[in-house]
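Quick note on labels: first sequence line is chain A, next is B, and so on, each numbered from 1. When reading the values below, keep in mind they use all heavy atoms of this one structure, side chains included, and skip hydrogens, waters and symmetry mates.
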Number of protein chains: 2
Amino acid sequence: MKDLLYLKDDQIKDFIEQIFYAYRETYSDPKKILKKYSFGTAHHRAIQLIERHEGLTVSDLLNKLKITKQSLNRVLRDLIINKAILLKKGEVDSRRRQIFLNEKGRKLFEEIFFEQKKRIYNALKNADADSVVKFKNILKKIINE
Amino acid sequence: MKDLLYLKDDQIKDFIEQIFYAYRETYSDPKKILKKYSFGTAHHRAIQLIERHEGLTVSDLLNKLKITKQSLNRVLRDLIINKAILLKKGEVDSRRRQIFLNEKGRKLFEEIFFEQKKRIYNALKNADADSVVKFKNILKKIINE
DNA sequence: TAGATATGTCAATATAACTGACCCAAAACA
DNA sequence: TGTTTTGGGTCAGTTATATTGACATATCTA
């Protein structure tokens, strides 16, 4: 590994530490709202992915979350009981269940997003477009997208 | 809130989703190593912060981790028993306990870092210095540093 | 010396994950 | 057509990490 100035170990260690803080802060912002609905961060992550990828199947969601189906099922069950989401049989393959938000779920998502948006918005508002693009590209590379 | 092209809601939602992936991937890389030592991610985070801020006190660590002292104490106890860290009484104020890695802890940290470094290094190796600086600055703003 | 502070600890509980074993229905295949 | 594979669901038990609340102790500060 080359040892460019901006790739020194200390710099990399800083990034690793800051990625932790960034995740924790970003995902703790909407906790009061989730509590209001008796949901936790696991429900939050599911709701969020469903909103971004409506109609995704259970296994799509499993692949994104990388948890076990037993674990996901608890979360989906809670969301279904609370009428936040609904599952429809796939038209092509009726084994596949596609997941959608319904009105209540959409409202919940909006409340969650309102809280989270502030932090990201404030971080980006004074940044130039180039910074945002570069931030995005590095983030993508970190997750191998 | 202005609605600049790069600050559209969809863009912000993408960032929120990607911050989750970035954290999860970065922190799941060293799990096999941790398992070898019978440690978990909680121990990982503590070890890592201690390495970056040697001599920090228990309450410094609490403030960084933002968990309860009961929770942290389990982690510190495990690390002490395994001789990964040691606590020394503060010289000025002997109530304060300063935390240090000892040899075993330093070795553990190096193993953990070796795994995590790959991901970050690969993400940054082809980026120009400017990109890295911009990435860092936005990350800092997200965590209000 | 009377608080306040830093830390540690006991006990109970919650949340989110795990492993492992099964089950069913629908699709794919031979 | 019959068999196998796939997508999904579920029961049961366990682990990891966090929580709340109460209390203990030593040390520092006013």
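Side-chain N/O atoms of A/Gln70 and base N/O atoms of D/dG13 include no donor-acceptor pair closer than 3.5 Å. Side chain B/Arg95 to base C/dT5: a donor-acceptor pair is found below 3.5 Å.
Using a 4.0 Å heavy-atom cutoff across all strands shown, B/Leu87 reaches sugar-phosphate atoms only and no base atom. If you check every strand for non-hydrogen atoms under 4.0 Å, B/Lys89 touches sugar and phosphate atoms only. Residue contacts shown for B/Leu34 are absent, as no nucleic acid heavy atom lies under 4.0 Å away. Counting non-hydrogen atoms under 4.0 angstrom, A/His44 reaches nothing in the nucleic acid.
Summarising the local packing, NZ of B/Lys36 is surrounded by more than 12 heavy atoms from other residues, nucleotides or ligands at distances under 6.0 Å. Other residues, nucleotides and ligands place no more than 12 heavy atoms under 6.0 Å from the NZ atom of B/Lys136.
Of the listed nucleotides (C/dA27, D/dG9, D/dC28), C/dA27 has the atom at the smallest distance from the side chain of A/Asp93. When each of C/dA27, D/dT27, D/dA18 is scored by its nearest atom to the side-chain atoms of B/Ile67, the top-ranked nucleotide is D/dA18. Checking D/dA18, C/dA26, D/dT27 against the side-chain heavy atoms of B/Arg45 singles out D/dA18 as nearest. With C/dA17, D/dG8, C/dT9 as the candidates, the nucleotide lying closest to the side chain of A/Thr57 is D/dG8. The side chain of B/Lys69 has C/dG8 as its nearest neighbour among C/dC18, C/dG8, D/dT10.
No salt bridge links B/Glu115 with B/Lys32; every basic N to acidic carboxylate O contact stays at or beyond 4.0 Å.
Atom C1' of nucleotide C/dT7 and atom CD1 of B/Ile85 are separated by 14 Å, given to the nearest angstrom. One interatomic measurement links the two molecules: CG of A/Leu72 to P of C/dT15, which rounds to 18 Å at whole-angstrom precision. Atom CG in A/Leu62 sits roughly 14 Å away from atom C1' in C/dC18 (whole-Å rounding). Residue A/Lys88 contributes atom NZ, which lies 21 Å from atom P of D/dG7 at whole-angstrom precision. With rounding to whole Å, A/Lys32 atom NZ is found 14 Å from D/dT19 atom P. Distance B/Glu91 CD to D/dT27 C1': 16 Å, rounded to the nearest Å. Remark: C1' of D/dT6 and CG of A/Asp60 are 14 Å apart, rounded to the nearest angstrom. Rounded to an integer number of Å, the gap from A/Leu56 CG to D/dG7 C1' is 14 Å.
Nearest-nucleotide positions on DNA chain C place B/Val58 closer to the 5' end than the other of A/His43 and B/Val58.
Evaluated for a ring pair (Phe, Tyr, Trp, His ring centres under 6.0 Å) with A/Tyr23, the options B/Tyr23, B/Phe15, B/Tyr21, B/Tyr27 yield exactly one hit, B/Tyr23.
Taking 4.0 angstrom as the limit, B/Arg74 places a side-chain polar atom (N or O) nearer than this to OP1 or OP2 of D/dT17. When the side-chain nitrogen and oxygen atoms of A/Arg24 are compared with OP1 and OP2 of D/dT17, none of them lie within a distance under 4.0 Å. Between C/dA27 and A/Ser94, a contact under 4.0 Å exists linking OP1 or OP2 to a side-chain N or O. A sub-4.0 Å separation between OP1 or OP2 of D/dA26 and a side-chain N or O of B/Arg96 is absent. Residue B/Ser59 places no side-chain N or O under 4.0 Å from the OP1 or OP2 atom of C/dA6. Distances shorter than 4.0 Å separate none of the side-chain N or O atoms of A/Ser71 from OP1 or OP2 on C/dA16.
Using modelled atom types, no side-chain atom of A/Arg119 and backbone atom of B/Asn144 make a donor-acceptor pair closer than 3.5 Å.
Counted by atom type alone, B/Asp78 and B/His43 present one or more donor-acceptor pairs between their side chains at under 3.5 Å.
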